[in-house]
Amino acid sequence: MKQETEIVVAGGGITGTATAYYLAKAGKDVVLVERGDLTRGSSAANAGFVWITYRAPGPALRLGLATLDSYDEMSKNHDMEYEKCGGLTLFETENLFKDMAPFVDVRKNAGLSGLKFLDRNGLLQLEPHLAPFVLGALLNPLDGHINPMRAVYAYAAEARKHGAQLHTGVEITGINIEKGHVKSVITNKGEIKTKYIVNACGAHAPVLGKMVGLKVPIGFQREQILVSEEVPGIVGRPMFTASYKKTVQQGGVGGFTTAFFANQTKKGNLILGGVNDFPGEVTSTTFEAFEAISREAIRYLPILKTLSVRAIRSFAKFYIHTPDALPVLGKVKGIEGFIMASGLNDFGMGVGPGAGKVISELICLGEPSIPLDGFSLSRFEN
Ligand SMILES: Cc1cc2nc3c(=O)[nH]c(=O)nc-3n(C[C@H](O)[C@H](O)[C@H](O)COP(=O)(O)OP(=O)(O)OC[C@H]3O[C@@H](n4cnc5c(N)ncnc54)[C@H](O)[C@@H]3O)c2cc1C
């Protein structure tokens with residue numbers, strides 16, 4: 001491992017590997033360190049939805065659109081099982097069509113011109129197995145899905161190809177600051193002198209923040225998911241119920257919250273969700289969640305019961321929770337060279353590569369092409 005480099009990226013998830021890739025591509029001397037293996041964090045344990053529908057028009061949506069461009073570019077050389085197959089928000093009441101109209105109008109004007117309401121007949125043409133109580137959906141043709149592990153390994157491979165060094169089993173344990181500037185990082189494998197440290201440590205970003213005296217309000221929001229045996233052809237595209245966004249923000253109030261979502265891998269395994277809560281740094285799964293997810297999955301997709309489809313495993317990891325559900329990206333006050341790249345909540349696969357690109361621009365050019373002011377750590381001061 002080098003003892004000196006211009007930039008250290010901490011964290012080998014989608015955000016860290018994409019950041020390392022863009023920095024190395026721009027000719028920077030960059031070392032990425034990951035305390036476990038690549039994808040040890042949330043980037044290995046997610047549902048693989050690539051969603052931009054729910055990003056607010058402005059910088060957040062632009063990060064999403066930049067991510068789609070990034071996947072298109074990366075797909076030329078890497079099979080990440082990325083498909084822009086469209087994504088569905090399911091409606092169970094007529095009112096939801098009315099309620100969502102302003103949400104859709106504002107996004108249509110901001111670049112998501114393909115957003116389209118589907119009535120039940122239109123929806124059944126795409127997804128014939130949905131239960132009769134699902135009355136329609138919102139379709140965004142730009143949304144889709146990806147194999148998250150393949151995505152991380154693709155960015156890692158391209159970063160290496162452009163000269164970045166990536167080291168696994170290397171944990172940052174301290175950061176030296178002199179006169180308000182980053183000077184070096186301390187790891188379990190020795191010290192690396194550096195001008196920049198990019199904190200892409202996901203739910204553990206507060207640990208690095210604490211090393212330099214910063215309070216980073218990122219928390220562990222556990223999300224549990226079921227995986228079925230291979231049963232190709234049940235769902236054609238990622239989908240979730242319209243209530244998902246509401247319940248996900250309330251996660252844990254009075255126990256846990258459940259909201260239906262489904263995706264299907266290329267091999268045919270259904271990824272079924274989800275249950276979330278705030279038990280701290282806990283990644284075990286619970287029988288209650290298993291039951292709740294199964295019940296909802298069968299309610300929305302009765303064919304699962306007809307075919308006696310079996311769940312083969314469950315898993316849990318963390319949404320990188322921030323109080324306002326926005327990421328934390330960019331420079332921090334008072335410490336030159338300390339850059340935040342975390343807080344990607346439940347949308348890291350739809351924003352991580354775009355975030356990596358703009359963090360690289362911030363370091364290389366001084367100004368990112370997408371303004372990051374709304375994502376700064378200082379918004380949490382007071
Ligand atoms: C069950 C579940 C389902 C989800 N589904 C989706 C989905 O469908 N679509 C979507 O967009 N998002 C989804 N998410 C969210 C998504 O997984 C995250 O937003 C995303 O993976 C965050 O990536 P990251 O690179 O920022 O963090 P991570 O992938 O967590 O990477 C951070 C890395 O930093 C490393 N690290 C920590 N501390 C140190 C240290 N001191 N030194 C060195 N390395 C360190 C960790 O080991 C880890 O590998 C889901 C999350 C969960 C849990």
Side-chain angles (χ1 to χ4, degrees), residues 8-20 31-52 54-55 64 67 87 143-149 151-152 155-156 166-175 185-189 197-211 218 220-227 238-240 244 248 251 261-263 271-276 281 283 285 289 293 314-322 325 327-329 340-353 355-356 359:
V8 171
V9 176
I14 190 70
T15 314
T17 53
T19 305
V31 172
L32 181 148
V33 294
E34 160 58 50
R35 65 180 182 153
D37 290 323
L38 295 177
T39 71
R40 164 163 173 185
S42 299
S43 299
N46 67 58
F49 287 28
V50 178
W51 283 83
I52 59 166
Y54 285 82
R55 305 285 66 79
T67 296
D143 287 335
H145 54 190
I146 198 159
N147 179 322
M149 290 206 227
V152 171
Y155 283 95
L166 279 69
H167 298 286
T168 54
V170 179
E171 178 165 7
I172 295 190
T173 54
I175 299 169
V185 298
I186 314 294
T187 78
N188 57 338
K189 301 275 167 69
I197 165 85
V198 178
N199 181 359
C201 287
H204 293 91
V207 179
L208 256 66
K210 205 171 165 196
M211 290 173 193
I218 288 175
F220 300 103
Q221 179 175 15
R222 177 174 62 173
E223 175 75 12
Q224 298 185 55
I225 281 187
L226 288 193
V227 183
M239 57 178 72
F240 61 70
Y244 169 80
V248 97
F261 59 81
N263 192 8
I271 310 286
L272 299 166
V275 161
N276 66 82
E281 194 176 353
T283 53
T285 55
I293 297 169
S314 60
F315 66 84
K317 210 78 183 191
F318 308 116
Y319 287 161
I320 324 289
H321 181 267
T322 55
V328 187
L329 304 173
M340 287 298 304
S342 184
L344 271 64
N345 287 270
D346 58 340
F347 47 75
M349 300 314 298
V351 165
I359 293 295

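Positions are given from 1 along the sequence. Read the numbers this way: they start at 1 and go in the same order the structure lists the ligands and their atoms. Bear in mind the structure is a predicted one, so any value in this text is a computation, not a measurement.
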At a non-hydrogen distance cut-off of under 4.0 Å, which region of [X] contacts ligand 1 (side chain, backbone, both, or neither)?
X	answer
M349	both
V33	backbone
N345	backbone
A200	backbone
T15	both
A44	neither
V170	backbone
F318	backbone

Polar-atom distance check: [X] versus ligand 1, any N or O pair below 3.5 Å?
X	answer
G41	yes
H204	no
E223	no
G48	yes
N46	yes
D37	no

Does the residue [X] have a heavy-atom contact with ligand 1, meaning some pair of atoms that are separated by less than 4.0 Å?
X	value
I14	yes
S342	no
A10	no
V351	no
A203	no
T187	no

**Asked** Of all residues at least two apart in sequence or in a different chain, which pass the ring pair (Phe, Tyr, Trp, His ring centres under 6.0 Å) check with F261?
**Response**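 Result, ring pair (Phe, Tyr, Trp, His ring centres under 6.0 Å) vs F261: F49, Y244.
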**Item:** Nearest-option assignment for atom 21 (O) of ligand 1, heavy atoms, candidates S43, A18, G13
**Value:**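 When every heavy atom of S43, A18, G13 is considered, S43 comes closest to atom 21 (O) of ligand 1.
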[atom2] on [Y] to [atom1] on [X], rounded to 0.5 Å:
X	Y	atom1	atom2	value
I172	C201	CD1	SG	6.0 Å
M149	S43	CE	OG	10.0 Å
I175	I197	CD1	CD1	5.0 Å
I320	L344	CD1	CG	7.5 Å
T173	R35	OG1	CZ	12.5 Å

Heavy-atom nearest neighbour in the protein, as seen from [atom], with distance rounded to 0.1 Å:
atom	value
atom 40 (C) of ligand 1	I172 N, 3.8 Å
atom 13 (C) of ligand 1	D346 O, 3.5 Å
atom 8 (O) of ligand 1	F49 N, 2.9 Å
atom 48 (C) of ligand 1	E34 OE1, 3.3 Å

**Message:** Main chain of G48, side chain of N46: is a donor-acceptor contact present, judged purely on distance under 3.5 Å?
**Reply:**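 Yes, the answer is positive, given that a donor and an acceptor are paired below the 3.5 Å cut-off.
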**Asked** Do the side chain of N263 and the main chain of A47 share a donor and acceptor less than 3.5 angstrom apart?
**Response**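 A pair under 3.5 Å: yes.
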Atoms of ligand 1, numbered as shown, that sit under 4.0 Å from any heavy atom of [X]:
X	value
L208	41 (N)
A45	1 (C), 2 (C), 3 (C), 52 (C), 53 (C)
G350	11 (O)

**Item:** Contacts of T187 that satisfy side chain to side chain donor-acceptor pair (under 3.5 Å) - sequence neighbours left out
**Value:**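 For T187, no residue satisfies side chain to side chain donor-acceptor pair (under 3.5 Å) once neighbours in sequence are set aside.
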**Donor + acceptor pair across side chains of E171, N188 (<3.5 Å)** =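 Checked: E171/N188 side chains show no N/O donor-acceptor pair below 3.5 Å.
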**Donor on one side chain, acceptor on other, N199 and S342, under 3.5 Å** =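 Absent: no donor and acceptor within the cut-off.
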**Row check, F318 ring normal vs R222 NZ/CZ: under 6.0 Å, within 45°** =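 Geometry flag: not set, cation outside 6.0 Å or 45°.
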